[in-house]
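Structure, as structure tokens:
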Amino acid sequence: MGDRYILYSAVGSGGVAVEAALTLIGAPFDLVEAPTFDFDDPAAGDKVLAANPLRQVPALVTPAGGTLTESAAILIWLAEQHPQARLAPAAGEPARGAFLRWMAFVASAIYAHYWLKDDPSRLVGDPALYPDVDARIQDRISHCWAVMEAGTSSRSHGGRYVLGDELSVLDLYIAVVSRFRPRRQRFYTAAPRLGEVARRVDADPRLAAFWPERYPFVEGWDRL
Ligand SMILES: N[C@@H](CCC(=O)N[C@@H](CS)C(=O)NCC(=O)O)C(=O)O
């Protein structure tokens, strides 16, 4: 099996957070580009079915041949497997509980909404209602960012990252998921301190070559 990971991901997807983690860890991986949200080329996304029957990226195949899906689980697991990269508070450390809480929160309270947001027909029959569904989901996502802002601001004591002064996979996760609609401008309003953290992650010199390739800062990216 070798020592390489196989990661199913796509430009501009939540999988980019996993790619960023693997980049910081320095772990070799083969990237399978599987854009599951490309309605013009549905077959491209089908590639991830080899690892995830839900047809969602990210999905990770480990060097030992195991498969992980679910972005939060993958990020937590990678941080555990590569403790030298110091990408998460270890079990038993004071910030561990908050780390697990907010990783699960981003996955369940925020990221999970995109299954419906990206295709309201999955739960809503009348296309005339799609704009309203979309607007309500965007409101809910913004509210959840505000809840996370309030819940994490006292813990960080003004640290550079969500949980303090050390970058963790939680920071990578919010930097990527906050780029989805309603995009960063609204995120900055709902959660100004998390916004500062996200911008710090955007500007991390170790990821300077990475972001333009995998989540490009194109004109208007933060608001469109
Ligand atoms: N719960 C999953 C959600 C992953 C997800 O929604 N991925 C998107 C790309 S950002 C996707 O593949 N969407 C296609 C679909 O849901 O049909 C996770 O956290 O990894």
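Computation of the quantities below employed the complete heavy-atom set of this structure, encompassing side-chain atoms and omitting hydrogens, waters and symmetry-equivalent molecules. Positions are given from 1 along the sequence. Start at 1 and go down the list; that is how both ligands and their atoms are numbered. Everything quoted here is computed from the prediction, not taken from an experiment.
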If you look only at distance, which donor and acceptor atoms sit under 3.5 Å apart when one is on a side chain in residues 43-61 and the other is two or more places apart or in another chain?
| residue | atom | partner | partner atom | Å |
| --- | --- | --- | --- | --- |
| Asp46 | OD1 | Arg55 | NE | 2.7 |
| Asp46 | OD1 | Arg55 | NH2 | 3.4 |
| Lys47 | NZ | Glu33 | O | 2.8 |
| Asn52 | OD1 | Leu54 | N | 2.9 |
| Asn52 | ND2 | Gln56 | O | 3.0 |
| Arg55 | NH1 | Thr36 | O | 3.1 |
| Arg55 | NH2 | Pro42 | O | 2.8 |

- Message: Check for me, please, whether Phe37 and Val133 land in the same ILVMFWY cluster - side-chain distances under 4.5 Å, paths through other members count.
- Response: no
- Item | Residue list, ring-ring contact (aromatic ring centres under 6.0 Å, His included) with Tyr111, at least two apart or on another chain | Phe180
- Closest approach of Asp165 and Gly159, non-hydrogen atoms and distance? OD1-CA, 3.5 Å
- Write down, by chain and number, every protein residue that brings a non-hydrogen atom to less than 4.0 Å from an atom of ligand 1. Ser13, Gly14, Thr36, Phe37, Arg55, Gln56, Val57, Pro58, Glu70, Ser71, Tyr111, Trp115, Arg122
- Item | Charged tip of Arg140 within 45° of Trp145 ring normal and under 6.0 Å | no
- Note on the structure: Residue set satisfying side chain to side chain contact (heavy atoms under 4.5 Å, CB included) with Ser9, at least two apart, ordered chain then number -> Leu7, Ser13, Glu19, Leu31, Arg214
